[in-house]
Amino acid sequence: MDREGFVKLAVIGIGLVVLSFFVRGFSQLVFGRGIAELLQAPFAIGGFLIVVYLFIRATLDMVGVWDIENTDT
């Protein structure tokens, strides 16, 4: 993974978490609280897992175990 891919994944992960809040808010207006939480969950969990993966990957890069390539050309 290069730094550009890392940033893209970070934007996707944070975007999914933000999207989950919007999905919950709008679906709570239409369906109610219980259904809204069920609709929100996949987006929130997916975004959270991506952010956790990126945190672990950045930590391993800082320690020197698994490098993130720098593509400066």
Side-chain angles (χ1 to χ4, degrees):
M1 173 186 295
D2 59 350
R3 292 191 187 272
E4 188 175 318
F6 187 88
V7 172
K8 285 180 186 178
L9 266 179
V11 169
I12 290 171
I14 293 170
L16 282 173
V17 171
V18 170
L19 179 66
S20 74
F21 287 108
F22 283 106
V23 167
R24 181 176 179 168
F26 287 123
S27 61
Q28 191 170 356
L29 292 172
V30 178
F31 301 116
R33 186 174 184 175
I35 300 295
E37 289 174 356
L38 288 175
L39 293 174
Q40 172 202 14
F43 297 108
I45 292 171
F48 178 73
L49 289 177
I50 289 173
V51 170
V52 168
Y53 165 74
L54 291 174
F55 174 76
I56 292 170
R57 184 74 195 264
T59 303
L60 291 175
D61 179 53
M62 190 178 91
V63 172
V65 176
W66 192 7
D67 290 335
I68 297 173
E69 294 89 23
N70 194 2
T71 56
D72 289 339
T73 37

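- Ser20 approaches Ala44 most closely through the heavy-atom pair CB-N, 3.6 Å.
- At a threshold of 4.5 Å between non-hydrogen side-chain atoms, the residues Arg33 and Arg24 count as touching.
- Heavy atoms of other residues, nucleotides or ligands lying less than 6.0 angstrom from OH of Tyr53 number more than 12.
- Here CD1 of Ile68 is found 7.0 Å from CE of Met1. Values are rounded to the nearest 0.5 Å.
- Under the 4.5 Å side-chain heavy-atom criterion for grouping Ile, Leu, Val, Met, Phe, Trp and Tyr, Val7 is not connected to Phe55 through any hydrophobic cluster.
- Hydrophobic clustering (ILVMFWY, side-chain heavy atoms < 4.5 Å, transitive): Leu9 and Met62 are in distinct clusters.
- A single hydrophobic cluster is seen to contain both Ile35 and Leu19, as judged by linkage of ILVMFWY side chains at heavy-atom distances under 4.5 Å, directly or through other members.
- A distance of 10.5 Å separates CG in Leu54 from OG1 in Thr59, rounded to the nearest 0.5 Å.
- Within the 4.5 Å cutoff, side-chain heavy atoms of Leu39 are placed close to those of Phe31.
- Distance check: Gln40 CD to Ile45 CD1 gives 9.0 Å after rounding to the nearest 0.5 Å.
- The shortest heavy-atom contact between Phe43 and Val23 is CE1-CG2, 3.9 Å.
- Criterion: ILVMFWY side-chain heavy atoms under 4.5 Å apart, direct or through other members. Under it, Phe6 and Val52 are part of a common hydrophobic cluster.
- Heavy-atom contacts from other residues, nucleotides or ligands closer than 6.0 Å to CD of Glu4 number 12 or fewer.
- Residues passing the side chain to side chain contact (heavy atoms under 4.5 Å, CB included) test with Ile12, sequence neighbours excluded: Leu16, Ile50.
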